[in-house]
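Presented below is the structure to which this report refers.
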Amino acid sequence: MAEDLLVVEDVKKHFPVTRGIIFQKQVGAVKAVDGVSFTVKSGETLGIVGESGCGKSTLARCIMRLFDTTDGKIVFDGRDITKLSRANMRPIRREMMMIFQDPYASLNPRKRVGQIVGEALEVHKLGTASETKRRVQELLEVVGLNPEHYNRFPHEFSGGQRQRIGVARALAINPKLIVCDEPVSALDVSVQAQILNLLEDLQQDFGLTYIFIAHDLNVVRHISDRVLVMYLGKVVELAPKAELYDQPKHPYTGALLSAVPIADPERGRARQPIVLEGDVPSPLNPPSACNFHPRCPRFQAGHCDVVDPPLYPFGDGHIAACHYPLERWPLAADEFRKPAAGHPPAETETSAVS
Amino acid sequence: MALYKLFVHGGGAMLRYLIRRVLWAIVLFVVVTLVTYVIFFLVPNDLAAKVAGQGSSQQQRARAIHRLGLDRPVYVQYAKFMWLLIKPVPVHIGSVPVFIRPNGNLGYSFVRASSVNSLVKSAAPVTASLVFGGVIVWLLMALPIGILSALRPRSLLDRTSMTFVLIGISAHPIWIGLIFAYIFGFKLGWFPISNYCDFFNSAGGCGGPAQWAYHMVLPWLTYAILFAALYARMVRANVMEAMTEDYVRTARAKGAPESRVLRSHVLRNALLPVVTMLGMDIGIGLGGAIFTETIYNLPGLGKLLLRAIGETDLPIVMGVVVFATFAIIVFNLLIDLLYAWIDPRIRLS
Amino acid sequence: MALLEVNDLKTYFQTDDGIVKAVDGVSFSVEKGKTLGIVGESGSGKSVTCLTIMGLNSKKNTITSGEALFNGENLLTAGSRRLREIRGNDIAMIFQDPMTSLNPVHSIGAQLVEAVQLHRDVSKKVARARAVELLKAVGIPRAERRVDDYPHQFSGGMRQRVMIAMALVNDPDLLIADEPTTALDVTTQAQIMNLIKRLQDDFGSAIIVITHDLGVVAEAADDVLVMYAAEVAEQAPVEKLFNRPFHPYTWGLLGSLPRLDIEVERLVQIPGQPPSLLRPPSGCRFHPRCPYVMDKCKQVDPPLVAISDDSDHLQACHLDEETKDREAKKLLESTMAQAS
């Protein structure tokens, strides 16, 4: 069976908040990622979902070692890369690449497509100029672009084509792992489908492993083998895709799933959305214990706000951090207890951050 | 009171910010004065001959040097200068000392028989008239030009004013000053081309607000034209950008008439950066005053400084530098406060 | 009579590169209290259509023709003063990005009061009371206090609520919502869509929802307009559009959509890119990407006509109805079979 390509153990990334007139002293920390553990098997796609500010992009950057982690351990292909120096990290960078959300901002507008795609080949000194060119043209063909467009600039391409260039760049040096950070959220539906199909084809052909970060639960369901749900820097649930979408255990996962509009008038109008009150609290000052408790419809005072729930196992690699997991899905509306009276809905004010 | 609110909102962040600014201003002040001092002593000069008079004996020169303290090490001189300046002096109301102020004594001229304070005091109003009048003139030129060009981009008005801007930016103020003096002063005889009239005091020939303004017209124009050009271009760009903002579309969708959209939604946002720029340009503006004062023979700080450098009169050079630095720092602080007051995003975060 | 009736609306922009036909002959109508969904990809002309109706395109370099009858009055020929009376009073609009759609230097109260006073001759106090009332209606906690806060002190979801309050403050007959939830998180999206639905019941406004999200349309709209390259491809009541889609572009959209409730092996993909509106393809604009393309499609632009057994259901495609019915059924069966 496939071995673990990536092991993430209790990774934390805290951004210090400082205050002071001349000498800045730390007065707090934004806990962007706060103790996240998971593994990614070779050849699978792990989807990571969560709303903006949940720490999913920070986590991706920690894995890529674009950020240094505050704490925890990242093991890639059997090697601990958490503390590797720049130089020691270089050969490993060949094996993990990233695809970004914005196909407009992530390509250097002054460089030709050939240079962009071939950059990694040059950096790692793989092959002569003509070999590089041949390889780039091959890659352009693989991602469905015309190899003759080798000499064009990014602005001559549409959004979807640019994202293909981004994919070609990521593929250039045969990486094992590709971290995709919202790769299709800036694209139109029809183009989005093209890119998703392309990613799936490439995975088949080259045996790639993906970490696929997105806020769109539809897309994540389609592309992932397993799905990890994050809330305020923590893992709330992790399960094989079918399990997660059919049998969610954490109320937050339930709320997310029930909030997605369905492109079918009959079924869509019949769905019972669990409407969460308020907004995601500030990661600077997260709620005590289970940090979902102020918005949770199943909140039990004296328990959820006192004891931080561990990730309880539900079999088959399904884990969820909730003391009162959902018994079945979908739940009827009256199976959700409304928050107790006198417990005003949480509200984030940006002023609370400053 | 609005100013009071500034400090209360945002948990004293504004106060901490102010304290930080003041501390930095002190550092800046020390660095500027020190550098001026060092440069002065690095440049070769014949100070002794100047202070003791031409044809004085070796002994007379040595005495003069000693009297002025110029035979001491540079750091001792600097320390003495600073001490004279910042020595705390109690301020009495009646006979009760109420608070302490710095002494503020800038010393005495090497060459002339007067205190630097009195020289600076008499020159400062001239420069202030020039600079503040000039700022008003340049804003009066830049704002309408910039706004109107932004509202009608590529129109005849826009092209004409942008040509003006190009000339204003490329021509040197001295050249512009000379041309103005020649045309409006000498040829047409509309305005005087030299001398300064005091705003308040009419003793000594001319004075009073009317004469003051009359004499300042050409200097103001000369002084303002470069900045007017730069600011017109900036205002145009800012207004054009603000016109495309989503909240401007929102205002239109609410049914607001175009005049209101412009006034309440476009200009307020477009002019915020102008305030910041004003704060940054005031230092450059003081430098620009030197040229204008020279052309129109205005007895301001620029002229005082130029002459003092010619005469290697260190205390006056220091006096002008200290005063100018102080003025710039104070002005910048005021601009910061003004900015925070008009921009709620700064005020409340 | 329909509240809004748009006939053969065209909006052309003159640019340095030539004329961009951003909207090219669009017709539809909206009834009182009903919701019309306009779906399409970026550049399909859905937003420009509504901005044109509101008279919010910049006048320069824009050529508009056709008519937009609002209560029988043609908005395209109305004077700017009359349009200002209508905007914000009879027709209100909310936009995609709540972060940039509110003026950062005015308190939200001031912006709501402005909206009231532009159309009602009332004192500031009365206008402010109305503002607070609306902020409460859209679910802003502690509205009396927060009315004096500035936009940056609110989260994205809260700002969109403020936008909605501002749009509804004068009780408009028609609300145009341009991608109202696109910039928001899933759970916030759900809150905002619920809010809009609830307020429609309370205020009885008609709504036009512009969106690229077929899910939003399926759940919120009564009628749907599918736009492609500045033209209407298909128009139908919502159940009919989803249960019997009749245009290859609509099939493509439905098939390319990954869905939460359905396990699809592989997404249908529409090949190619949306065309340039500067030089749109000849004939049917969808023909270069259409798997059913015939010779006729390359030459003749298909008119938007009702399908033979249903006068409510309009579509613009040359393909014969038999094939279409077969294909629609196939598409539907494949999704039904996979539905969990």
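Numbers restart at 1 for each chain; the letters A, B, ... are given by sequence-line order, proteins then strands. Fair warning: this is a prediction, and the values are worked out from it, not measured in the lab.
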Q: Could you tell me which non-hydrogen atom of C:Glu41 sits nearest to which non-hydrogen atom of A:Val191, and how far apart they are?
A: OE1-N, 4.3 Å
Q. What residue, out of C:Arg289, C:Gln191, C:His212, has the most heavy-atom pairs lying under 4.5 Å from chain A?
A. C:Gln191
Q.
Show the nearest heavy-atom pair for residues A:Ile262 and C:Glu219, with the distance to one decimal.
A. N-OE2, 2.7 Å
Q.
Looking at every non-hydrogen atom in both residues, tell me the closest pair between A:Arg269 and C:Val238 and how far apart they are.
A. NH2-CG1, 3.5 Å
Q: For chain C, find which of A:Gly159, A:Gly268, A:Ala270 contributes the most heavy-atom pairs closer than 4.5 angstrom.
A: A:Gly268
Q. Which heavy atom of C:Leu260 sits nearest a heavy atom of A:Arg221, and at what distance?
A. O-NH1, 2.6 Å
Q: Mind listing the closest non-hydrogen atom pair of A:Glu51 and C:Val186 along with its distance?
A: OE2-N, 3.9 Å
Q.
Please give me the minimum heavy-atom distance between C:Leu257 and A:Ala263, naming the atom from each residue.
A. CD2-CB, 3.5 Å
**Q.** Under 4.5 Å from any heavy atom of chain C - which part of A:Leu257
**A.** both
Q. Picking from C:Ser42, C:Ala190, C:Ala220, which has the most non-hydrogen pairs under 4.5 angstrom with chain A?
A. C:Ser42
Q.
If I take atom CG from residue C:Leu184 and atom NE2 from residue A:His215, how far apart are they, to the nearest 0.5 angstrom?
A. 10.0 Å
**Q.** Identified side chain to side chain contact (heavy atoms under 4.5 Å, CB included) counterpart of C:Leu267 within the set A:Val189, A:Leu196, A:Ile195
**A.** A:Leu196
Q: Decide yes or no on side-chain contact (heavy atoms from CB on, under 4.5 Å) for A:Arg271 and C:Asp261, but give the supporting numbers first.
A: CA-CA 11 Å; A:Arg271 94 188 145 90; C:Asp261 56 332; over 6 Å; no
Q | Nearest-0.5 Å distance that lies between atom OG1 in C:Thr188 and atom CG in A:Leu276 | A | 9.0 Å
Q) Who among A:Gln192, A:Gln161, A:Gln194 has the most heavy-atom pairs with chain C under 4.5 Å? A) A:Gln194
(Q) As a quick check of understanding, evaluate side-chain contact (heavy atoms from CB on, under 4.5 Å) for A:Val260 and C:Arg259, giving each step before the final call. (A) CA-CA 10 Å; A:Val260 179; C:Arg259 276 172 61 173; over 6 Å; no
Q) So which of C:Pro258, C:Gly252, C:Gly272 has the largest heavy-atom pair count under 4.5 angstrom toward chain A? A) C:Pro258
Q: Under 4.5 Å heavy-atom distance to chain C, tell me which part of A:Ser52 shows up: side chain, backbone, both or neither.
A: both
Q) Got more than 12 heavy atoms from elsewhere within 6.0 Å of CD, A:Glu266? A) no
Q. Is C:Lys329 atom NZ crowded by more than 12 heavy atoms from other residues, nucleotides or ligands, each under 6.0 Å away?
A. no
Q: Using a cut-off of under 4.5 Å on heavy-atom pairs, state which of C:Gly139, C:Gly157, C:Ala221 scores highest against chain A.
A: C:Ala221
Q. CG/A:Asn218 to CG/C:Asp213 distance, rounded to the nearest 0.5 angstrom?
A. 7.5 Å
Q: Let me know if C:Gln273 has heavy atoms under 4.5 Å from chain A in its side chain, its backbone, both or neither.
A: side chain
